[in-house]
Amino acid sequence: MPELPEVHGYKVYIDSTALHQTIIDMDCRDTRLLKKDLKQFEKHLQGQKLTGTQRIGKYLFIETSGEKILVLHFGMTGRPNYYKDESDRPKFGHIVLTFENGFHFAFENKRKFGWWNLIDSIEDYKKEHNLSDDARELSFDDFKKSLENRKTHIKTVLLDQSIAAGVGNWMADEILYQAKIHPQRKVEKMGSDEIEGIYNAMQKVIEVAIANDAHYADFPEDFLMHFRKEDAICHHTGAKIKKTKVGGRATYFSPDWQMK
DNA sequence: CGTTATGTTTCACT
DNA sequence: CAGTGAAACATAAC
């Protein structure tokens, strides 16, 4: 689920639920989800409040009243869940914060690819992890510049978080479908008109997805998400959607619509 | 039972 | 050193 638009929704959700309340407990059922020792989390979170959030790509930074910043990454199957009754704890809520007001904040993570970390500086973290500006804020010039010297397939590059943070597998397929470019087109062969087309498609996909709360069923009818399945019918050509692998990831595209 | 899944990190190779 | 591609990670659901 969580690519840029989904994580944007999680941020809005957290902003309106879990902020500004004193944390009285942290429960973690699987410490493999923690990038630091559980003791560190307890030390820096207990008695503190979550005070604000910042999102870069799929990373959510949560500022606290303490000295550390909490980093959440949802992996492939994560989402936040704010609830009151203990009996409502979600099945895969592996990490749960409890607040003074009796409510709980669960980090659901079915597949356990998500994680929490504690850091001192968002700027430093961004540099250390080669994270680009968020795809929604990224300028066309910076995008174009970071594509220089890349010799691989355009889809692989779109998935690189140092290029446009937040683009994930479904977004990359959707962007390329909207831009009419084949996922295996080589970046070095692309003209600036194509790069501009991809940049514009990226902005369009982000805005459409956010406007619809990342609810795919509500996307415009010419969006790939409605027929992103092998042998489904392309809205434009009526031909069958093909499935392949690019950069190790499942990739769907419309052969006659997207030029290689 | 085998396959697949919307992500990141690590590692070997060029 | 930088870019690339494959493998590893963990687990539910079909």
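Remember, predicted model here, so these are calculated numbers, not experimental data. Convention: sequence-line order gives letters A, B, ...; per-chain numbering from 1.
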Problem set entry | B:dC11 and C:dA10, which share atom name P, separated by this distance in whole Å | 15 Å
For this session: Could you state the atom-to-atom distance from CE of A:Met76 to C1' of B:dT6 in whole Å?
Result: 6 Å
Seminar exercise, completed: Taken to the nearest whole Å, CD/A:Glu108 to C1'/C:dA10 is 17 Å
Exercise. Nearest nucleotide by nearest heavy atom, which residue falls closer to the 5' end of DNA chain B, A:Ala250 or A:Leu159?
Worked result: A:Ala250
Exercise. Do the non-hydrogen side-chain atoms of A:Asn117 and A:His73 ever get within less than 4.5 Å of each other?
Worked result: no
Exercise. Counting side-chain heavy atoms from CB outward, which of B:dT9, B:dT6, C:dA10 is closest to A:Glu6?
Worked result: B:dT6
Exercise. Less than 3.5 Å between a donor and an acceptor, one on the side chain of A:Arg111 and one on the base of C:dA12, is that the case here?
Worked result: no
Seminar exercise, completed: From the list A:Phe223, A:Phe227, A:Trp170, ring pair (Phe, Tyr, Trp, His ring centres under 6.0 Å) with A:Tyr216 holds only for A:Trp170
Seminar exercise, completed: Separation of C:dA2 atom C1' from A:Leu147 atom CG, nearest Å, is 16 Å
Seminar exercise, completed: Out of C:dG3, C:dA13, B:dG7, minimum distance to the side chain of A:Arg150 belongs to C:dG3
For this session: Write down the distance separating the C1' atoms in B:dT6 and C:dT4, rounded off to the nearest Å.
Result: 23 Å
Seminar exercise, completed: In whole angstroms, the gap separating P of C:dT4 from NZ of A:Lys245 amounts to 20 Å
Exercise. Nearest of B:dG7, C:dA13, B:dT6 to any side-chain atom of A:Phe92?
Worked result: C:dA13
Exercise. Using purine N1 to pyrimidine N3 plus N6-O4 or O6-N4 for Watson-Crick, or N1-O2 and O6-N3 for G-U wobble, both under 3.5 Å, which nucleotide pairs with C:dC9?
Worked result: B:dG7
Problem set entry | Non-hydrogen side-chain atoms of A:Asp120 and A:Lys68 separated by less than 4.5 Å | yes
For this session: Identify whether any heavy atom of A:Gly248 sits under 4.0 Å from a base atom; if not, whether one sits that close to sugar-phosphate; answer base, sugar-phosphate or nothing.
Result: nothing
Problem set entry | d(NE2, A:His215; P, B:dT6) in whole Å | 18 Å
Problem set entry | Pairs flagged by ring pair (Phe, Tyr, Trp, His ring centres under 6.0 Å) wherever residues 145-169 of chain A is involved - sequence neighbours left out | none
For this session: Looking only at side-chain atoms of A:Arg228, point me to the closest of C:dA10, C:dG5, B:dT6.
Result: B:dT6
